Amino acid sequence: MDPIKVTVVISPGANTRDTLNSLLAQTCREIEILCHPCADLPGDSRIRILEGGLTGGGAANAGLDAARGEYILFLRGGDTFHKDMLQRLLDRSAGADVTIFCGYRQSRAGNPKPDDADGYNPKLVTDGNATLSPTDYESCRYSALGGDLSFRMMRTAFLREHNIRFPELRSCWEAPFCALCDEKAAKIALMDRRMLTTPAPDESVCAEDVLAAADAMAETLGNPAAAARRILELTAHAFRRSTADFGSENSRILYEGLKKRYHDPLFAGVCATEKDLCAFRLVRDTAYEDVLARCRVPLVVSFTSFPKRIGFTVNVIENVSRQTRRADKVLLYLAPEQFPGRENDLPQALLEQA
């Protein structure tokens with residue numbers, strides 16, 4: 001039996017069959033596929049079933065423990081990719097502990113064209129084909145390389161040597177794992193090539209998981225300044241998502257937990273984007289009840305249009321409806337002299353939004 005080059009662990013999810021089909025079509029044949037039971041599994045000896053009904057970090061750790069390949073890749077059900085992806089990753093790795101590449105993310109709006117998704121932050125990384133050492137991007141390393149778990153392949157022995165495992169959480173279990181990999185890796189290979197398309201992530205917020213993930217990074221990451229920035233990115237994003245239901249008990253737990261943590265000396269002088277710093281200052285300096293009162297003030301969005309652009313108003317209203325802070329009322333003002341036929345002059349799609 002040929003040595004296994006890559007173990008691929010598939011997290012439970014929709015469209016697992018599509019991911020399996022992409023793997024079985026790979027030009028690299030020396031692979032094993034670890035997945036949880038699902039309907040209509042292909043009959044291939046390279047597929048092994050992970051039992052136990054685990055989810056989140058627990059399911060990923062089960063795959064890590066069972067892996068026999070030299071390298072390991074964690075994918076989601078629904079990930080699809082080029083047939084030579086694994087071989088290209090192996091050719092690029094050249095002994096690297098971690099190899100990070102690029103891809104696409106399916107649009108939440110249902111657009112047929114997916115959005116770009118990077119395994120690293122292109123605003124911080126200057127060379128997407130570089131080979132990095134531990135001193136590169138030292139002040140922002142976890143942020144520079146903090147992309148999606150699906151866009152990285154790791155050397156299995158490296159993970160076991162440093163006892164790098166996923167926190168046993170239902171959500172937010174990827175960020176602490178990836179950050180610890182980026183800290184411990186002696187060599188990280190970057191690959192500016194888009195080879196994988198992943199589903200839009202589930203962005204529901206579990207306060208306990210967000211706070212536990214933040215604490216795990218604070219406790220295990222050795223670079224305080226870089227850790228503070230990455231933790232702020234994770235938690236500020238979760239806070240913004242929580243505002244869709246800000247009066248809930250879950251949002252209160254998250255807010256109070258973040259307020260307590262943001263006063264920690266770790267965050268003194270934290271460097272981050274202005275968007276994240278704005279959320280940081282608000283949570284740190286404002287009582288939950290005051291923010292809740294602001295959220296309860298009615299929010300009205302009003303805009304206008306004219307005949308040549310009336311078709312675009314459908315997209316405007318769709319974007320407004322997807323905001324984390326929902327508008328209480330959306331008002332579209334149209335001049336009667338520009339639309340003398342009233343409803344007869346408006347697109348059907350717009351009328352259906354009324």
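Since the structure is predicted, the reported quantities are computational estimates derived from the model, not experimental observations.
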Between [Y] and [X], do the side chains contain a donor N or O and an acceptor N or O under 3.5 Å apart?
X      : Y      : answer
Tyr255 : Thr243 : no
Arg88  : Thr27  : no
Ser171 : Asp209 : yes

Give a yes or no on whether the backbone of [Y] and the side-chain of [X] come within a donor-acceptor separation of less than 3.5 Å.
X      : Y      : result
Tyr142 : Asn223 : yes
His263 : Lys259 : yes
Glu183 : Gly222 : yes
Glu318 : Thr313 : no
Lys187 : Ala94  : yes
Asp192 : Asn129 : no
Asp65  : Ala62  : no
Glu138 : Pro134 : no
Thr19  : Gly78  : yes
Arg193 : Met85  : no

Atom of [X], atom of [Y] and distance for their closest heavy-atom approach:
X      : Y      : value
Ala238 : Val205 : O-CG2, 3.6 Å
Tyr120 : Cys102 : OH-SG, 3.4 Å
Pro340 : Asp345 : N-OD2, 3.3 Å
Ala25  : Lys83  : O-CB, 3.6 Å
Ile72  : Gly63  : CD1-O, 4.3 Å
Phe81  : Gln26  : CD1-NE2, 3.5 Å

Count I, L, V, M, F, W, Y as connected when their side-chain heavy atoms are under 4.5 Å apart, and connections chain through other members. Are [X] and [Y] then in the same cluster?
X      : Y      : result
Leu221 : Leu124 : no
Leu346 : Phe312 : no
Val316 : Leu299 : no

I'd like to check [X] versus [Y] (side-chain heavy atoms, cut-off strictly below 4.5 Å). Are they in contact?
X      : Y      : result
Arg141 : Ile188 : yes
Val300 : Leu331 : yes
Arg46  : Arg29  : yes
Val125 : Leu132 : no
Leu196 : Tyr104 : no
Val210 : Phe239 : no
Phe158 : Val98  : yes
Ile10  : Leu23  : yes

- So, are Asp148 and Arg76 salt-bridged, with charged N and O less than 4.0 Å apart?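 Answer for the salt bridge query: yes.
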
- Message: Could you check whether Glu256 pairs with Lys260 (Lys NZ or Arg NE/NH1/NH2 to Asp/Glu carboxylate O, under 4.0 Å)?
- Response: no

- Test log, rule side-chain hydrogen bond (donor to acceptor under 3.5 Å, both in side chains), inputs Thr131 and Arg92: CA-CA 10 Å; Thr131 299; Arg92 176 69 182 101; 3.2 Å; yes

To the closest 0.5 Å, what do you measure between [atom1] ([X]) and [atom2] ([Y])?
X      : Y      : atom1 : atom2 : answer
Glu70  : Leu90  : CD    : CG    : 7.5 Å
Thr286 : Arg294 : OG1   : CZ    : 5.0 Å
Asp215 : Arg261 : CG    : CZ    : 4.0 Å
Cys178 : Trp173 : SG    : CH2   : 9.0 Å
Asp97  : Cys181 : CG    : SG    : 9.0 Å
Asn21  : Thr80  : CG    : OG1   : 10.5 Å

- Query: Counting only heavy atoms not in Tyr333, do more than 12 fall under 6.0 Å of its OH?
  - Reply: no

- Query: Does a sphere of radius 6.0 Å around CZ in Arg170 hold more than 12 heavy atoms from other residues, nucleotides or ligands, not counting ones at 6.0 Å or beyond?
  - Reply: no

Could you give the side-chain donor-acceptor pairs of residues 268-279 under 3.5 Å, partners two or more places apart or in another chain?
residue : atom : partner : partner atom : Å
Thr273  : OG1  : Asp276  : N            : 3.3
Thr273  : OG1  : Asp276  : OD2          : 3.4
Glu274  : OE2  : Arg281  : NH1          : 2.9
Asp276  : OD1  : Arg240  : NH1          : 3.2
Asp276  : OD1  : Arg240  : NH2          : 3.1

- Test side-chain hydrogen bond (donor to acceptor under 3.5 Å, both in side chains) on Tyr262 and Thr235 and set out the steps. CA-CA 10 Å; Tyr262 286 172; Thr235 55; 2.7 Å; yes

- Identified side-chain hydrogen bond (donor to acceptor under 3.5 Å, both in side chains) counterpart of Asp79 within the set Ser11, Ser22, Ser150: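 Output: one option passes, namely Ser150.
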
- Task: Give me the one residue out of Arg105, Lys123, Arg194 that meets side-chain hydrogen bond (donor to acceptor under 3.5 Å, both in side chains) with Asp118.
- Result: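 Of the listed options, the one satisfying the test is Arg194.
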
- Do Tyr288 and Phe246 make the cut of ring centroids closer than 6.0 angstrom?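 Yes - the distance between ring centres of Tyr288 and Phe246 falls below the 6.0 Å cut-off.
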
- Task: Let me see the working for Glu208 and Asn250 under side chain to side chain contact (heavy atoms under 4.5 Å, CB included), right down to the final yes or no.
- Result: CA-CA 8 Å; Glu208 290 85 355; Asn250 183 69; 4.2 Å; yes

- Message: Let's go through Phe166 and Leu149 carefully: what are the C-alpha distance in whole Å and the side-chain angles of both, what is the deciding distance for side chain to side chain contact (heavy atoms under 4.5 Å, CB included) to 0.1 Å, and is it a yes or a no?
- Response: CA-CA 11 Å; Phe166 296 89; Leu149 178 64; 3.8 Å; yes

- What do the steps show when you test Glu352 against Val314 for side chain to side chain contact (heavy atoms under 4.5 Å, CB included), and what is the final call? CA-CA 10 Å; Glu352 292 173 357; Val314 173; over 6 Å; no

- Query: Run the side-chain hydrogen bond (donor to acceptor under 3.5 Å, both in side chains) check on Asn61 and Glu168 step by step: do they pass?
  - Reply: CA-CA 8 Å; Asn61 283 330; Glu168 300 279 343; 3.1 Å; yes

- Should Asp182 and Arg230 be marked as a salt bridge (charged side-chain N to carboxylate O under 4.0 Å, His left out) after you check the CA-CA gap, both sets of side-chain angles, and the distance that decides it? CA-CA 12 Å; Asp182 297 338; Arg230 185 68 185 108; over 6 Å; no

